[in-house]
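Can you read through this structure? Questions will come right after.
What you are looking at is a predicted structure, and each value in this text was computed from that prediction instead of being measured.
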Amino acid sequence: MISVQTWADAQRLWDFQQMHHEPRPCSVAIGLGSHDLGVADVTVELYQRDMFPLIVFTGATSRTTRDRMPRGEAEHYRERALELGVPASAILVEPNARNTGENINFSRELLAERGADVSSVLLVSKPYEERRAYATARRLWPEVEIVSASAPTTLSEYVNSIKDPRLVLDMLVGAQQRLLIYPEQGFMIRQEVPSSVAAAYERLCTAGFTSRLVSAR
């Protein structure tokens with residue numbers, strides 16, 4: 001059973017991860033690979049609103065996606081977008097990235113190879129990784145404007161859609177940890193973390209939601 005306090009702490013991290021950007025037209029969208037096909041759905045919805053002419057789906061596989069997406073996260077995203085009516089000519093696939101930094105760097109390289117003129121990126125992620133993705137992109141690609149986007153959903157709705165509460169809470173904690181330690185390692189820009197968010201993160205770690213933590217070295 002997950003306690004009321006744990007859910008409250010998870011909600012605090014969820015709220016902090018949201019960037020609350022208003023989607024606007026950008027040069028390109030980058031859909032960050034994950035276990036969640038909803039990222040592809042949001043990217044398609046924004047494409048159909050003429051927010052960008054070109055999509056990059058990026059991602060290989062990980063321990064959480066190798067069974068769900070055996071052909072690779074980016075490829076499954078592409079297939080989903082095609083099913084929803086996006087023309088193949090509007091989609092690029094970057095199949096090798098295994099973390100957010102590689103998502104950004106490899107997508108940037110692919111776009112350069114294709115001669116794309118990029119001044120702004122609509123960065124589509126899972127709802128609880130908006131801030132992490134934004135901070136990473138700002139560090140690795142500072143010359144372009146980054147606009148964050150994700151599915152407009154609540155924590156409760158998201159957990160119900162994934163059907164794995166522990167996975168979602170573990171991922172939330174992992175995303176928060178990276179905001180705390182990755183700036184020192186040069187992987188993302190530093191952002192102020194409110195004390196209430198830091199305390200919620202510590203309680204969730206103590207409660208055992210730690211499977212997505214990485215070494216702080």
Side-chain angles (χ1 to χ4, degrees), residues 2 6-7 9-19 30-39 57-70 72-74 76-77 94-109 123-142 146 148 150 155 158-159 162 164-217:
I2 297 176
T6 294
W7 280 119
D9 289 336
Q11 184 68 56
R12 194 172 294 276
L13 265 59
W14 175 274
D15 293 341
F16 181 64
Q17 283 287 342
Q18 305 288 303
M19 295 299 297
I30 298 178
L32 301 180
S34 73
H35 61 87
D36 182 6
L37 269 177
V39 174
F57 287 130
T58 168
T61 58
S62 70
R63 55 180 168 161
T64 58
T65 63
R66 64 172 65 100
D67 294 329
R68 303 180 190 210
M69 300 179 178
E73 296 155 7
H76 281 264
Y77 279 18
E94 185 295 296
N96 299 312
R98 297 186 180 277
N99 57 57
T100 307
E102 290 184 352
N103 287 142
I104 302 302
N105 283 331
F106 294 174
S107 295
R108 181 181 185 178
E109 293 167 3
L123 193 60
V124 188
S125 67
K126 300 185 296 296
Y128 57 85
E129 289 200 337
E130 275 195 28
R131 189 173 294 273
R132 172 189 174 185
Y134 173 82
T136 303
R138 284 285 313 281
R139 173 66 178 82
L140 299 178
W141 205 352
I146 304 297
S148 297
S150 66
L155 173 58
Y158 190 80
V159 168
I162 299 299
D164 190 341
R166 177 162 286 275
L167 172 64
V168 175
L169 270 60
D170 281 348
M171 290 285 199
L172 264 172
V173 171
Q176 185 62 42
Q177 184 210 27
R178 286 156 178 78
L179 287 178
L180 297 172
I181 68 173
Y182 275 4
E184 289 287 342
Q185 300 177 23
F187 297 152
M188 61 175 63
I189 63 168
R190 182 175 301 283
Q191 299 180 90
E192 182 177 353
V193 177
S195 59
S196 59
V197 173
Y201 162 75
E202 292 294 343
R203 284 191 295 268
L204 288 166
C205 287
T206 300
F209 296 94
T210 58
S211 75
R212 302 299 297 184
L213 296 186
V214 296
S215 171
R217 291 183 302 170

Open item on the list: Using the rule given for side-chain contact (heavy atoms from CB on, under 4.5 Å), can you reason through R68 versus H76, listing the C-alpha separation, both sets of side-chain angles and the distance that settles it, and then say yes or no?
Closed with: CA-CA 9 Å; R68 303 180 190 210; H76 281 264; over 6 Å; no
Task: Residue pair S150 / S125: nearest heavy atoms and the distance that separates them - done: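 That closest heavy-atom pairing would be CB-O, 3.2 Å.
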Open item on the list: Any non-hydrogen side-chain atom of L123 less than 4.5 Å from a side-chain atom of W141?
Closed with: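 When only atoms from C-beta onward are counted, W141 and L123 do not touch, as no gap falls below 4.5 Å.
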- [ ] Flag this pair as yes if the NZ/CZ of R131 is under 6.0 angstrom from the six-membered ring centre of F16 and inside a 45 degree cone about the axis; otherwise no.
- [x]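 That pair qualifies as a cation-pi contact.
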Open item on the list: Can you classify the ring geometry of Y158 versus W14 as parallel (below 30°), tilted (30 to 60°) or perpendicular (above 60°)?
Closed with: tilted
Task: Non-hydrogen atoms of R139 and M188 that approach each other most closely - done: CB-CA, 3.4 Å
Open item on the list: Donor-acceptor check, side chain of R98 to backbone of G59, threshold 3.5 angstrom: yes or no?
Closed with: no
Task: Taking every non-hydrogen atom, the tightest pair across L13 and Y201 - done: CD1-N, 3.8 Å
Task: Between CD on residue Q17 and OH on residue Y134, distance to nearest 0.5 Å - done: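 Output value for this atom pair is 13.5 Å.
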TODO: Could you tell me which non-hydrogen atom of F209 sits nearest to which non-hydrogen atom of D170, and how far apart they are?
DONE: CA-OD1, 3.0 Å
Open item on the list: Show the nearest heavy-atom pair for residues T6 and A207, with the distance to one decimal.
Closed with: OG1-CB, 4.5 Å
TODO: State whether D9 and R203 are salt-bridged, where the test is any N-O pair (Lys NZ or Arg NE/NH1/NH2 against Asp/Glu carboxylate O) under 4.0 Å.
DONE: yes
Open item on the list: Has E94 got a side-chain atom pairing as donor or acceptor with S107's backbone, closer than 3.5 angstrom?
Closed with: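 Side chain of E94 to backbone of S107: no pair is present.
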Task: Inter-residue atom distance R190.CZ - L179.CG, 0.5 Å rounding - done: 10.5 Å
Open item on the list: To the nearest 0.5 Å, what is the distance between OG on S34 and CG on L32?
Closed with: 8.0 Å
- [ ] May I have the step-by-step check of side-chain contact (heavy atoms from CB on, under 4.5 Å) for R132 and Q176, ending in yes or no?
- [x] CA-CA 8 Å; R132 172 189 174 185; Q176 185 62 42; over 6 Å; no
Task: W7 side chain near L169 side chain, heavy-atom distance below 4.5 Å - done: yes
Open item on the list: Is there a side-chain contact (heavy atoms from CB on, under 4.5 Å) between R108 and I30? Walk through the geometry before answering.
Closed with: CA-CA 10 Å; R108 181 181 185 178; I30 298 178; over 6 Å; no
Task: Passing candidate, side-chain contact (heavy atoms from CB on, under 4.5 Å) with R178, options T136, V173, V214, N99 - done: V214
- [ ] Please report the shortest heavy-atom distance between C205 and T210, naming the atom on each side.
- [x]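 Nearest pair, atom of C205 first, then T210: O-CG2, 3.4 Å.
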Open item on the list: For a side-chain contact (heavy atoms from CB on, under 4.5 Å) check, start with the C-alpha distance between N96 and E102, then their side-chain angles and the critical distance, and finish with the verdict.
Closed with: CA-CA 8 Å; N96 299 312; E102 290 184 352; over 6 Å; no
TODO: Would you give the length of the straight line joining atom NE2 of H35 to atom CE of M171, rounded to the nearest 0.5 angstrom?
DONE: 4.0 Å
- [ ] Pick out which of N103, T100, N105 makes a side chain to side chain donor-acceptor pair (under 3.5 Å) with T58.
- [x] N103
TODO: Determine whether the side chains of E73 and T65 contain a donor N or O and an acceptor N or O closer than 3.5 Å.
DONE: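 Result is yes, a qualifying pair exists.
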Open item on the list: A quick test of your reading: do over 12 heavy atoms of other residues, nucleotides or ligands sit less than 6.0 Å from CZ of R12?
Closed with: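 For R12, atom CZ is not crowded (no more than 12 foreign heavy atoms under 6.0 Å).
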Open item on the list: A quick test of your reading: do over 12 heavy atoms of other residues, nucleotides or ligands sit less than 6.0 Å from CZ of R138?
Closed with: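 For R138, atom CZ is not crowded (no more than 12 foreign heavy atoms under 6.0 Å).
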Open item on the list: Rounded at 0.5 Å granularity, tell me how far CD in Q18 sits from OG in S148.
Closed with: 9.5 Å
- [ ] Output the distance between atom CG (L172) and atom CD (Q177), rounded to the nearest 0.5 Å.
- [x] 13.0 Å
